[in-house]
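This report refers to the structure that appears directly beneath it.
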Amino acid sequence: MTVKIEVGAGGIPHNQIVIYGLVGSLVLIYLTYLNQVTGTEYFAFFGGLACVVALLWGADTIKHLCSYGLGTGVPSAGMIALGSGVIAALFGATTGVFAPIVALIVAAIIGAVAGLLANHVVRMDIPVMVISLTELAIVGAITVLGLVAMVGGTFNFLDLVTGTTVILGFAVKNYEASVIGGSIVAVIFMLAAIAIQHAFNACLGPGEQQDRTLMLAAECGFLSMIPVAVISFAFIAFIPALISLLVSVIGWAYTYAEYIKLSKRDAYAWLDAKPILEPKGGA
C-alpha cells in the first residue's frame, strides 16, 4: 500500500504541463527539419530547445509520480525514461520525417508496459505509475531525438550513422565518425538522465515550489545543451554549432540567475519558520 505525500501545492496543473510539453517539444524538434528543407544546419539548436521543453514536462511528471513516497525512486525514474527513450528515438529515426511521431508512439508503448510490470509484477501499486512511466518514456524519446538532432543537424538515421573522413583529398565514409558510431548517444543518455531527475530531487522537501523546480529543470536542460553544442562542432558546420553554443550559454545564464532568485525567495520565506515538532512519545 502506498501513501501519497503532498508536495508544493498550486501552480500550473500537471495536465496543462503535459499538453504544453508535448506540443511545444514536437514543434521545436520539427523545426530542425528546416535544415533538410533549406540545405543548411542553422536550425540544429531547435533540437536542444525541444529537449529543454521536454525536461520541464519530465520534471513535473517525476514530481507527480514521486509524491507517492518514492523520493529515492527519482534516479530510477530518470534512468527508465532515458532507457526507454533511446530505444524509441533510434527506432523512430529510421522513419525519416515521421521520426518524432513514431518515437512518441513507441516510447508510449514501452513506458506503459514498464508501468504495468511495476504495478502488477513488482507490486508497487502506485495509482499514477502507468501514466507517469508512459509520459517519462515519451519525454526521454523526445529529449534524445532533440539532442541528437542538435549534434548532427538531423534526426535521419542514415545521416546519424554515416560520417566521412578525408584521405588524400578524397571523402571516405567512416561509420565511427558519425553521431551514433561515435557513441555520442551514450553521452546524451547520461546528460539527459541526470537533467530529468535532478530538478525535483534537488527541490524535494516541505518548501518545494513548482516555479523553482521547473526553473531548475530548464537550467539543467540548457546546461546539458552546452556540452552537446561543443560536441556538434565535430559534426556540423562551425557557424551552426556556434549558434547552438551561444543559445545554450545564454539560456543557461538566464535560467541559472532566475533559479538563484527563486531560491533566495523561498529561503527567506523559511527564515522565521517554526521547527517541526515531534509528537509526544517519539515518532
Self-check item: Worked verdict on D211 versus R265 for side chain to side chain contact (heavy atoms under 4.5 Å, CB included)
Solution: CA-CA 11 Å; D211 57 354; R265 178 203 67 187; 2.8 Å; yes
Self-check item: ring-ring contact (aromatic ring centres under 6.0 Å, His included) partners of F189, counting only residues at least two apart
Solution: none
Spacing of [X] atom [atom1] and [Y] atom [atom2] [to the nearest 0.5 Å]:
X	Y	atom1	atom2	answer
H198	T213	NE2	OG1	10.5 Å
N35	T154	CG	OG1	7.5 Å
L65	I131	CG	CD1	11.5 Å
I29	F155	CD1	CZ	6.5 Å
L216	R212	CG	CZ	8.5 Å
L246	I239	CG	CD1	9.5 Å

Quiz item: Can you list every side-chain hydrogen bond (donor to acceptor under 3.5 Å, both in side chains) pair that touches residues 249-263, not counting sequence neighbours?
Solution: E219-W252, E258-K261
Quiz prompt | Residue pairs passing the side-chain hydrogen bond (donor to acceptor under 3.5 Å, both in side chains) test where at least one lies in residues 14-23, sequence neighbours excluded | solution = H14-D60, H14-E135, Q16-Y20
Exercise. Using the test side-chain contact (heavy atoms from CB on, under 4.5 Å), find all partners of S224 that sit at least two apart in sequence or belong to another chain.
Key: L191, A195
Self-check item: For V230, all residues meeting side-chain contact (heavy atoms from CB on, under 4.5 Å), sequence neighbours excluded
Solution: L245
Quiz item: Where do S244 and A229 come nearest, in terms of heavy atoms and distance?
Solution: C-CB, 3.9 Å
Identify every side-chain donor-acceptor pair in residues 36-52 under 3.5 Å, counting partners at least two apart or on other chains, and give the distances.
{"unit_1": "T38", "atom_1": "OG1", "unit_2": "L34", "atom_2": "O", "d": "2.7"}
{"unit_1": "T38", "atom_1": "OG1", "unit_2": "T40", "atom_2": "OG1", "d": "2.8"}
{"unit_1": "E41", "atom_1": "OE1", "unit_2": "A237", "atom_2": "N", "d": "2.8"}

Quiz item: Heavy-atom distance under 4.5 Å between the side chains of W57 and I138, does that happen here?
Solution: yes
Quiz item: Hey, does Q210 have a side-chain heavy atom less than 4.5 Å from the side chain of I17?
Solution: yes
Please tell me whether [X] and [Y] are part of a single hydrophobic cluster in this structure, the criterion being side-chain heavy atoms less than 4.5 Å apart.
X	Y	value
V128	V130	no
I180	L158	no
I250	L55	no

Self-check item: Sequence neighbours excluded - ring pair (Phe, Tyr, Trp, His ring centres under 6.0 Å) pairs with any residue from residues 202-245
Solution: F233-F238
For residues 100-124, run the donor-acceptor check on the side chains, cut-off 3.5 Å, and write out each pair with its distance to 0.1 Å, sequence neighbours left out.
{"unit_1": "N119", "atom_1": "OD1", "unit_2": "D125", "atom_2": "N", "d": "3.1"}
{"unit_1": "N119", "atom_1": "OD1", "unit_2": "I126", "atom_2": "N", "d": "2.9"}
{"unit_1": "N119", "atom_1": "ND2", "unit_2": "I126", "atom_2": "O", "d": "2.9"}

Exercise. Mind running side chain to side chain contact (heavy atoms under 4.5 Å, CB included) on T61 and I196 for me, showing each step along the way?
Key: CA-CA 10 Å; T61 299; I196 195 175; over 6 Å; no
Side-chain atoms of residues 79-91: list all donor-acceptor pairs with protein atoms under 3.5 Å, sequence neighbours left out, distances to 0.1 Å.
{"unit_1": "S84", "atom_1": "OG", "unit_2": "I80", "atom_2": "O", "d": "2.9"}

Pairs of donor and acceptor atoms involving the side chains of residues 139-152, under 3.5 Å and at least two apart or interchain, shall be tabulated with distances.
{"unit_1": "T143", "atom_1": "OG1", "unit_2": "V139", "atom_2": "O", "d": "2.7"}

Quiz prompt | Qualifying residues under side chain to side chain donor-acceptor pair (under 3.5 Å), relative to T32, sequence neighbours excluded | solution =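 T32: no side chain to side chain donor-acceptor pair (under 3.5 Å) contacts found.
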